[in-house]
Amino acid sequence: MPIRFFNTLSRTKEPFEPMEPGKVRMYTCGPTVYNYAHIGNLRTFLFEDLLRRHLKYRGFDVYHVMNLTDVEDKIIRACKETGEPLKSLTAKYVDAFFEDLDALGVERAEEYPAATDHIPEMVELIKTLRDRGHTYEIDGSIYFKLSTFPQYGALSHFDMDQLQSGASGRVDSDEYATEDARDFALWKAYDEDDGAVFWETELGKGRPGWHIECSCMSMKYLGESFDIHCGGIDNMFPHHENEIAQSEAATGKQFVRYWLHSAHLSVENKKMSKSLGNIYTLRDLVAMGHDPLAVRWALISTHYKQPSNFTFEGLEAAKVTLNRIRDFRIRLEGIRGEGSDLAEAIETCEREFGDALDDDLNISGAIAAVFEFVREANRLMDKDDLSQEGARQALALLDRLNAVTGLFSPPLVDEVPQSILDLVQERQDARRAKDFARADAIREQLTSEGWVLEDTADGPRVKRT
RNA sequence: GGCGGCAUAGCCAAGUUGGUAAGGCAGAGGCCUGCAAAGCCUCCAUUCCCCGGUUCGAGUCCGGGUGCCGCCUCCA
C-alpha cells in the first residue's frame with residue numbers, strides 16, 4: 001500500500017510520489033522567534049517530525065527545511081518594547097526553540113535558514129516579480145498585484161470576490177495603502193517605528209514582507225518545485241496562498257505538490273489566549289514537573305488534521321501510558337531464559353503500525369498496534385515462556401518504531417541516591433525477618449519521597465513516580 | 001455574509017472502497033503478591049448528535065436539522 005497524504009490542494013487523500021524517486025524535499029513553516037513556542041506551535045512541529053521520520057522509515061531520503069522568521073512586525077514591536085536589538089532578541093528565542101525541540105525529541109531538519117540571512121535573495125526574487133509585472137510600488141513599499149495571478153485562492157479554495165475584507169476584525173486599515181486590500185507587501189519601506197531594523201538594498205531602505213522569505217528560502221534549498229509543504233491550518237490563508245502566488249508568478253512552475261496542514265490545539269476545550277492564561281510553553285509544563293516526553297505523547301497522539309484538545313488529565317494519561325512502555329522495556333531487558341519468540345506478533349505489529357502511518361499518518365492506529373503487541377508479549381512473559389532472543393527482537397522492534405514516533409524510547413536511568421538504596425536494603429532485611437509492618441512503613445516512606453518500590457523476580461526495584 | 005472542520009463509552013481517540021464498534025486513561029471483579037506495584041484475564045457504547053432516506057445490511061452513502069470550533073491579510 002502506498003503512502004497517502006491528505007493534500008489541501010485537492011482536499012483528498014492522494015498517493016504520495018515524490019518528484020525524484022526515493023527522495024523527498026519538504027519545507028515546513030518554522031517559528032517566529034520573538035517568544036517561547038507554545039504547545040500549539042509545538043504540536044505542529046511534532047506532526048512535521050512524525051512526517052519526516054515516517055518518510056525516512058519508508059526508505060526515503062528526506063531533505064527537510066524549516067525557516068526561522070527573525071524579522072517581522074511582532075519581533076520589531078518586541079524590540080521596541082524591550083529595547084533589545086533584533087539580533088540578540090531573536091538569538092535568545094532561537095536557542096530556546098532548539099532546546100524545546102531537543103527536550104521533545106524532535107529530529108533536526110537538514111536546514112534552518114533565517115530570514116535575515118537571506119535578504120539579498122529576497123531582493124532578487126522581488127526584482128524578478130517586478131520584471132514580470134506582478135508588482136507595484138507605493139511610497140517605497142512594493143506590493144504583489146494579485147490581479148496578475150488569477151489562480152490565487154486554489155489552496156484555500158476561497159473565492160476572492162466573496163472574501164469579506166476585514167471580517168476577522170484584525171485589519172488595521174491604515175496599514176494597507178494598497179490599490180486593492182487583498183494585495184500584500186513584498187517589501188516594506190523604512191518607517192521610524194522600525195528603529196534600527198532595516199536594510200539598504202536596491203529596492204531602497206526597508207525590510208522584507210513576511211511571505212517572501214518562505215518562497216525565497218524554500219526555493220533556494222529545495223528548488224523551484226518541491227514535494228511537501230507543511231504548516232498550521234491558520235497559515236493556509238493567506239500565508240501559503242501568498243507563497244504560491246510569489247513563487248509561481250516568478251518561476252512559472254508549480255511550487256509545491258503536496259500541502260499538509262495541521263489543525264489547531266485547544267486547552268481544556270478553550271482556545272488558547274492571553275486573557276485565559278492558558279497559553280502554555282514546554283518550559284511551563286516542565287516547571288510543573290511534567291515529563292517532556294509525556295508532552296510529546298499528548299501532542300502527537302491525535303491525528304494531525306483533527307482539532308485536538310490538550311488537558312492536564314490527558315497529560316497524566318500520557319504519562320501513565322509512557323510508563324507502561326518503559327516498564328515493558330525494562331521487563332524485556334530482564335528476560336534471560338529459553339522459550340518462544342514473538343516472530344509473528346512482531347511481524348503483525350510492524351505491518352499494522354506501518355499501514356496505519358502510511359494512511360495519512362494515522363498515529364492512533366499505529367499506537368493501537370503497538371499495544372496489541374505489548375499485551376501479547378506481556379502474556380508470554382507472564383507464562384515465563386519468552387526467550388531471550390525473542391525479547392531482544394521485541395526490543396529491536398520498539399527501537400524501530402521509536403525511530404518513527406519517538407514514543408517508545410528506553411527510560412532514562414534514574415540515579416538512585418544512596419539514602420534510598422539504604423532504605424531499600426533495610427526493607428529487604430525487615431522482610432526477611434518477616435517484619436512486614438516495618439517493611440511497609442519503609443515503602444510508604446519511599447513513596448512520600450517520590451519513589452515507587454516494586455518486588456520483582458529479580459529483587460526489589462525502585463523508580464521515580 | 002463566505003469557506004472549511006468536527007460531533008463515537010466518564011475522559012482521550014481509531015474506524016479503507018457500507019457487513020455488524022480498535023487502542024490508551026479512569027472504573028469494577030479476579031489471578032499473582034506477606035501486602036503492594038507491575039503484568040495478565042473478565043466486565044465497562046444493542047450503539048456511534050438528532051430526524052428521515054437508500055440498502056439484505058450504515059458510525060460509514062444521500063437529504064434535512066442541531067451543536068461546537070476554525071479561517072476570511074500577516075496567530076502553528
Side-chain angles (χ1 to χ4, degrees), chain A residues 1 4 11 13 28-32 37-45 47-48 69 72-74 153 156-172 175-176 178 181-185 209-211 230-239 241-242 261-266 269 271-273 297-298 301-303 305-311 313-314 316-321 323-324 327-328 330-331 352 355-356 359 362-372 374-375 377-383 431 434 436-437 439-440 443 447 452-456 461 463:
Chain A
M1 201 168 75
R4 298 189 308 154
R11 298 282 161 94
K13 276 189 206 173
T28 59
C29 284
T32 300
H38 62 244
I39 53 178
N41 300 319
L42 296 175
R43 179 193 188 193
T44 294
F45 301 141
F47 139 64
E48 292 157 354
T69 297
E72 176 266 359
D73 292 3
K74 292 193 296 297
S156 55
H157 298 221
F158 280 147
D159 179 343
M160 288 315 289
D161 294 333
Q162 292 181 341
L163 275 185
Q164 200 165 314
S165 190
S168 67
R170 293 198 311 232
V171 190
D172 175 359
E175 213 172 319
Y176 287 88
T178 51
R182 304 167 312 187
D183 293 341
F184 56 92
W210 174 44
H211 312 289
C230 304
I233 186 77
D234 51 298
N235 272 166
M236 181 175 79
F237 185 90
H239 181 54
E241 204 74 74
N242 291 353
H261 290 100
S262 58
H264 271 198
L265 183 77
S266 53
N269 279 313
K271 181 174 175 165
M272 278 186 280
S273 72
W297 197 301
S301 57
T302 298
H303 184 89
K305 242 161 50 59
Q306 195 80 229
S308 182
N309 182 30
F310 179 88
T311 65
E313 188 185 346
E316 280 303 317
K319 174 188 166 184
V320 173
T321 307
N323 280 144
R324 182 166 153 86
D327 284 341
F328 177 61
I330 289 169
R331 194 177 185 195
E352 290 180 352
D355 285 351
D359 183 14
N362 181 353
I363 184 79
S364 303
I367 289 174
V370 174
F371 279 105
E372 305 267 11
V374 169
R375 189 167 352 100
N378 270 322
R379 206 153 34 201
L380 210 55
M381 288 190 278
D382 277 359
K383 289 193 296 181
R431 292 183 72 209
K434 304 280 184 209
F436 294 120
D440 291 347
R443 184 163 55 200
T447 304
V452 178
L453 189 144
E454 296 179 358
D455 292 318
T456 73
R461 177 165 87 87
K463 62 180 183 184

> Nearest whole Å is fine: how far is C41(B) P from N378(A) CG?
9 Å

> Can you tell me how far P in C62(B) sits from the matching atom in G23(B), rounded to whole Å?
29 Å

> For nucleotides 6-8 of chain B, give me every protein contact, N/O to N/O, under 3.5 Å, one pair per line with atom names.
{"from": "C6(B)", "atom 1": "O3'", "to": "Q306(A)", "atom 2": "OE1", "distance (Å)": "3.1"}

> Would you kindly give the CD1-to-C1' distance between I233(A) and G70(B), to the nearest whole Å?
8 Å

> D382(A) has an atom CG; how far is it from atom P of A37(B), in whole Å?
15 Å

> Please report the distance, rounded to the nearest Å, between CZ in F310(A) and P in C12(B).
14 Å

> Look at all strands and tell whether H38(A) reaches a base, only sugar-phosphate, or nothing, counting heavy atoms closer than 4.0 Å.
base

> Quick one: which of C75(B), A37(B), C71(B) gets closest to the side chain of E454(A)?
A37(B)

> Would you say a side-chain N or O of K74(A) is under 4.0 Å from OP1 or OP2 of C75(B)?
yes

> Could you tell me the separation between the NE2 atom of H261(A) and the P atom of G70(B), rounded to a whole number of Å?
18 Å

> NA contact type, L42(A), heavy-atom cut-off 4.0 Å: base, sugar-phosphate, or nothing?
nothing

> Taking atom types as they are modelled, would you say the side chain of R443(A) forms a donor-acceptor pair with the base of A36(B) within the 3.5 Å cutoff?
yes

> Nearest heavy atom decides the nucleotide; on that basis, is P238(A) or G40(A) closer to the 5' end of RNA chain B?
P238(A)

> Side-chain donor or acceptor of R431(A) under 3.5 Å from a matching atom on the base of G34(B)?
yes

> So which protein nitrogen or oxygen atoms get under 3.5 Å of nucleotides 24-30 of chain B's nitrogens or oxygens?
{"from": "G24(B)", "atom 1": "O2'", "to": "T321(A)", "atom 2": "OG1", "distance (Å)": "2.6"}

> Using a 4.5 Å cut-off on heavy atoms from C-beta on, say whether the side chain of I39(A) contacts that of L265(A).
yes

> As a test of reading the structure: which of A76(B), C12(B), C75(B) is closest to the side chain of N235(A), going by heavy atoms?
A76(B)

> Check whether any side-chain heavy atom of T321(A) lies under 4.5 Å from a side-chain heavy atom of N323(A), and answer yes or no.
no

> Does any part of the side chain of P31(A), heavy atoms only, come nearer than 4.5 Å to the side chain of N41(A), both counted from C-beta?
no

> Students often get this wrong, so: under 4.0 angstrom with heavy atoms, is T302(A) touching a base, only sugar-phosphate, or nothing?
sugar-phosphate

> Could you give the distance separating U8(B) and C49(B) at their C1' atoms, to the nearest angstrom?
10 Å

> Classify the side chain of T44(A) versus the base of A76(B) as yes if they form a donor-acceptor pair under 3.5 Å and no if they do not.
yes

> Mark yes or no for whether E454(A), through its side chain, and T456(A), through its backbone, hold a donor-acceptor pair below 3.5 Å.
no

> Tell whether D440(A) reaches the base of G34(B) with its side chain through a donor-acceptor pair below 3.5 angstrom.
yes

> For residues R43(A) and T302(A), determine if any side-chain heavy atom of one lies less than 4.5 Å from a side-chain heavy atom of the other.
yes

> Hey, does F371(A) have a side-chain heavy atom less than 4.5 Å from the side chain of R324(A)?
yes

> So do K305(A) and H261(A) actually touch side chain to side chain, heavy atoms under 4.5 Å?
no

> Examine distances only and state if a side-chain atom of S266(A) and a backbone atom of S308(A) form a donor-acceptor pair shorter than 3.5 Å.
yes

> Within the structure shown, what part of the strands sits under 4.0 Å from I363(A) by heavy-atom distance: base, sugar-phosphate, or nothing?
nothing

> Hey, is the side chain of N242(A) pairing donor to acceptor with the base of C74(B) inside 3.5 Å?
no

> So do the side chains of D327(A) and R461(A) get within less than 4.5 Å of each other, counting heavy atoms only?
yes

> Rounded to the nearest angstrom, tell me the gap between atom CE in M381(A) and atom C1' in C40(B).
11 Å

> Let me spell it out: for each of A437(A) and D234(A), pick the nucleotide of RNA chain B with the closest heavy atom. Which residue's pick is nearer the 5' end?
A437(A)

> For the side chain of F237(A), counting heavy atoms from C-beta on, which of A14(B), C71(B), A76(B) is nearest?
C71(B)

> Please round to the nearest 0.5 Å and tell me the distance separating atom CD1 of I233(A) and atom NE2 of H264(A).
7.5 Å

> From the options G34(B), C71(B), C41(B), select the nucleotide whose nearest atom is closest to the side chain of D455(A).
G34(B)

> What is the separation between atom CG on N269(A) and atom C1' on C12(B), rounded to the nearest whole Å?
11 Å

> Kindly state whether the pair H157(A) / G4(B) counts as stacked, where counting means centroids closer than 5.5 Å and planes tilted less than 30° apart.
no

> Name the nucleic acid region contacted by R43(A), choosing base, sugar-phosphate or nothing; use a 4.0 angstrom heavy-atom cut-off, strictly under.
nothing

> Under 4.0 Å: is that the gap between some side-chain N or O of K383(A) and OP1 or OP2 of C41(B)?
no

> Could you state the NZ-P distance from K463(A) to A36(B), rounded to the nearest angstrom?
17 Å

> Heavy atoms from C-beta onward define the side chain here; which of C40(B), A37(B), C75(B) lies closest to that of R379(A)?
C40(B)

> Please report the distance separating the P of G59(B) from the corresponding atom of U54(B), rounded so that it comes out in whole Å.
16 Å

> Under a 3.5 Å limit for both distances, which nucleotide forms a Watson-Crick or G-U wobble pair with U66(B), could you say?
A7(B)

> Side chains of E241(A) and S156(A): do they bring a donor and an acceptor to under 3.5 Å?
yes

> How far does NE2 of H239(A) sit from CG of N242(A), to the nearest 0.5 angstrom?
8.0 Å

> Would you mind classifying the nucleic acid contact of H264(A) as base, sugar-phosphate or nothing, using non-hydrogen atoms under 4.0 angstrom?
base

> On a whole-Å scale, what distance lies between the C1' atoms belonging to U60(B) and U17(B)?
11 Å

> Checking all strands, does M236(A) fall into the base, sugar-phosphate, or nothing category for heavy-atom contacts under 4.0 angstrom?
nothing

